[in-house]
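My structure is below; once you've seen it, I'll send some questions.
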Amino acid sequence: MLLWYNSRNCESEGGGKKMKAKRELGDSVDGEQDLKRQRVVDSPSSPPEESLVPYNDDEDDERRALNHIGSREEDGHRVKSEEEDDEDEDDPYGLGSTPGRSNREVEVRRDCPYLDTVNRQVLDFDFEKFCSVSLLNLNVYACLVCGKYYQGRGKKSHAYTHSLEAGHHVYINLRTEKVYCLPDGYEINDPSLDDIRHVLYPRFSREQLEQLDKNKQWSRALDGSDYLPGMVGLNNIQKTDFVNVTIQSLMRVTPLRNFFLIPENYQHCRSQLVHRFGELTRKIWHARNFKGQVSPHEFLQAVMKASKKRFRIGVQCEPVEFMSWLLNTLHADLRTSKKSSSIIHKCFQGELEVVKETQSKAISEKKESDGEQNGALKITDGQIENNNVAAETYRMPFLMLGLDLPEPPLFKDVMEKNIIPQVPLFNILKKFDGEMVTTTVRPPARMRYRVTKLPQYLILHMRRFTKNNFFREKNPTLVNFPVKNLELKDYIPLPAPTKENEKLRTKYDLIANVVHDGKPDEGFYRVFVQRKSEELWYEMQDLHVSETLPQMVALSEAYMQIYEQQQ
C-alpha cells in the first residue's frame, strides 16, 4: 500500500508538473501570437515616404551613445557597433531606412594589406560628388585606387561591385572622410591617409591665418612641381576666364579670405554658393595640395544654379558684371536679417552723395505749348540755371565705382598709325569730385557725384566696352595709375572724419589689376596680383602663373582694379 501510494503520489505530482508546464507553454505561445499580431498591426504595409531620408554616417555615434553600446577589443582589433544603413539588402545605397533594421558591428583595423594600392596621382576632389554610375550624390565614395566616384557600400552597391570587378579595395566616404576596405567591409584607421583627408577638406586654424601673408615657403606637388599657396592657377573649363580673374582678385582681399577659410563663420548659411566659394578659397590657399592647380568646377555649378544660367560654362561674360552679381549675392546669402551687415559690405561698401538735376515738368509743358524758350529757362555756355531745374540730393551705397574713358581719336597721325591715347587715373576720377556733370540720356538728367565714405577696399571699373545697334566696340585708351600710394584727397573732396581723434585714411595701394587683351568678342582676360609676403607681382592667366615686374602692371589696358586702404 505504501509503495502504491508513493508511486501514485509521484504520478500525480508528475502530472501536475506536466500540466503546469503545458499551461506556461500555452501562455508563452499566446503571448508570442499577441506580440506578432501587435507587430502586424503596428507595422505599415508599405514604408511611408517620410522614412526615405539621406544616409547619415554621423548619426551612428549618437545612436551608440544613446544605447550605451561601447566599443571593445577583439583579437587586437577594435570592433564598434554601427547601424546597418548602406549594407542592408533592401536599401543598399543608403537612400532610405528599413523597418526592423538590426545593428551590425564594423571592425576598425590599422593594418590593411591594400594600403599600398592607393594612388594619389589620380585623386581629384575638385569635381562634383556624384556617383559615376547612378549620377546620384547620396552616400558617395571615392575609389582611392582609380579615383572614380561610386555610391554605397552594401553588397548591391556600385562601390561593392567595382571592388569585385576591378580588384580596387580602398574607398573613402566623401562626406564623413571615413576610409573602408571593400568587399571585406571593415574601416581603416591609418595615419598615412590623413594627407588625403586634408586634400578632400582643407582645414585652417586661427593661428595659420595670421601667418598666410608672412609665409614665403613654396609647396611641392606630387609631380615634383613647386607652387605658392594662394598663387595657384585655375582651370579654364570653357570660356570661364572671367570667373578665374574675379576669384583671383578677391583672394587678395585679406578679411574676405580669412572669413571664408573658417567654415564655422558661415555654417548657419544654407546657400550652396557660399559653401562652394568657401571650399574654393580653402583649396587655393592650402599648402598640402596634390597638384599646383585648382578646378572651380563645383563653384561654377553653384554659380549657374544661383544665377539661373546668367553666367554659365561656354559663354563669355564681363568680369565686372560677374563681380557685381557675386558680391551682392554673397551679401544677401550671408546676412542673417535685412538690416544686418556682412563681410562683403565691411570690405567694399562706400557711400556717394548724388545730386540729380532734371527739368521741371511745368517748363517742359510751357515749351511745348509756346514752341519757344521763355525767359524762365536760360541756357548760357552749356549751363542750365537752377531756377527752372528740379534738383534732388540723396545718398546711395556703392560696392564699385565706374569710370568713363575719353573717346579715342578718329584720325590717324602723320605716320598713318592710330595714336594710342593715354589718360591719368586722376582725370577720370574727377567724375566723383562733386562738380563734374555727367549727363544721362534715359531719363534725361544731369548727375553730380561726390564720395562721402571711403571703403576699406576700393574697386574701380574702366568702361572699355560700348555696344551700339550693330557691333561691340572697345576703347583702347591706356590709363596711367600708381601701383602704390594712390592719394585720393588731392583729387576728390572727402568728408571730415566723424570722430575727433580719428584719422581719415585716403591712401590706397593696388593689390589686383584685371586686364583685357584682344578684340571685344574674341579677347581674353588676365590679372596681375600682389603677393604680400614678398611684395612681388604675379601675372595669372588661367593655369599660367609667372612673376612679373611692377612696371609691367601699369603698361596694360586696365579693366578692373582693387585698391587696399593703407592702415
Side-chain angles (χ1 to χ4, degrees), residues 54-88 92-94 101-125 129 131 138-155 157-164 166-205 222 263 279 282 286-290:
Y55 176 78
N56 192 350
D57 271 330
D58 295 335
E59 295 177 359
D60 300 341
D61 299 331
E62 298 179 5
R63 297 191 188 102
R64 288 194 296 274
L66 293 175
N67 297 329
H68 302 285
I69 301 176
S71 60
R72 67 179 184 273
E73 299 289 336
E74 290 185 1
D75 299 332
H77 302 301
R78 187 166 61 89
V79 181
K80 66 181 181 180
S81 177
E82 187 176 347
E83 284 287 328
E84 188 177 4
D85 282 332
D86 56 350
E87 282 192 359
D88 194 293
Y93 306 125
R101 176 179 296 147
S102 60
N103 287 347
R104 63 180 170 88
E105 292 180 348
V106 174
E107 184 181 7
V108 180
R109 296 178 53 179
R110 288 180 178 270
D111 52 340
C112 178
Y114 304 109
L115 285 180
D116 59 340
T117 63
V118 175
N119 186 5
R120 289 169 172 80
Q121 299 282 352
V122 299
L123 299 183
D124 189 357
F125 301 120
K129 311 307 192 280
C131 175
L138 297 176
N139 194 24
V140 180
Y141 291 78
C143 176
L144 298 185
V145 182
C146 64
K148 296 181 180 179
Y149 294 170
Y150 294 98
Q151 192 180 19
R153 203 174 75 240
K155 293 183 179 180
S157 65
H158 299 298
Y160 190 92
T161 305
H162 177 70
S163 67
L164 295 176
H168 299 169
H169 302 287
V170 188
Y171 296 82
I172 184 171
N173 190 303
L174 295 179
R175 190 180 58 81
T176 64
E177 304 179 29
K178 294 181 180 180
V179 182
Y180 296 91
C181 178
L182 297 181
D184 297 345
Y186 59 84
E187 182 181 346
I188 305 172
N189 185 12
D190 194 280
S192 64
L193 301 173
D194 289 343
D195 60 337
I196 299 178
R197 295 188 177 96
H198 278 280
V199 173
L200 177 58
Y201 289 112
R203 299 167 179 84
F204 290 86
S205 62
L222 290 179
E279 290 177 7
R282 292 193 295 274
H286 193 222
R288 299 168 61 180
N289 287 329
F290 288 162

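The first residue in the sequence is number 1, and the count goes up from there.
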Roughly how far apart are Tyr160 OH and Leu182 CG, rounded to 0.5 Å?
-> 8.0 Å

Qualifying residues under side-chain contact (heavy atoms from CB on, under 4.5 Å), relative to Arg120, sequence neighbours excluded = Val118, Leu123, Leu193, Asp195, Ile196, Leu222, Phe290

Rounded to the nearest 0.5 Å, what separation is found between the OG atom of Ser192 and the CG atom of Leu115?
-> 5.0 Å

Reported CG-to-CD distance for the pair Asn139 and Gln151, which is rounded to 0.5 angstrom | 6.5 Å

Side-chain touch Glu107/Glu187, heavy atoms, less than 4.5 angstrom | no

Checking Arg153 against Tyr180: charged group under 6.0 Å from the ring centre and within 45 degrees of the axis?
-> yes

Can you name the side-chain contact (heavy atoms from CB on, under 4.5 Å) partners of Leu200, sequence neighbours left out?
-> Phe125, Lys129, Ile172, Leu174, Glu177

Considering only heavy atoms from C-beta outward, does the side chain of Arg110 approach that of Pro191 to under 4.5 Å?
-> yes

Provide the closest heavy-atom pair for Cys112 versus Tyr186 in the form atom of the first, atom of the second, distance.
-> SG-OH, 3.2 Å

Residues at least two apart in sequence or cross-chain that pass ring-ring contact (aromatic ring centres under 6.0 Å, His included) with Tyr114, listed by chain then number, are His169

Side chains of Tyr149 and Cys131 in contact at under 4.5 Å (non-hydrogen atoms) | no

Partners meeting ring-ring contact (aromatic ring centres under 6.0 Å, His included) with His162 (sequence neighbours left out) | Tyr150, His168

Could you pull out the closest heavy-atom pair between Val145 and Val122, with the gap in Å?
-> O-CG2, 3.6 Å

Between atom CZ of Arg197 and atom NZ of Lys178, what is the distance when rounded to the nearest 0.5 Å?
-> 10.5 Å

With a 4.5 Å limit on heavy-atom distance, are the side chains of Pro183 and Leu164 in contact?
-> yes

Between CZ on residue Phe204 and NE2 on residue His286, distance to nearest 0.5 Å = 6.0 Å

Pairing residues for Asp190 by the salt bridge (Lys or Arg N to Asp or Glu O under 4.0 Å) criterion, not counting sequence neighbours = none

Would you mind reporting whether Val140 and Arg175 have side-chain heavy atoms less than 4.5 Å apart?
-> no

Separation of Arg288 CZ from Arg203 CZ (nearest 0.5 Å) = 9.5 Å

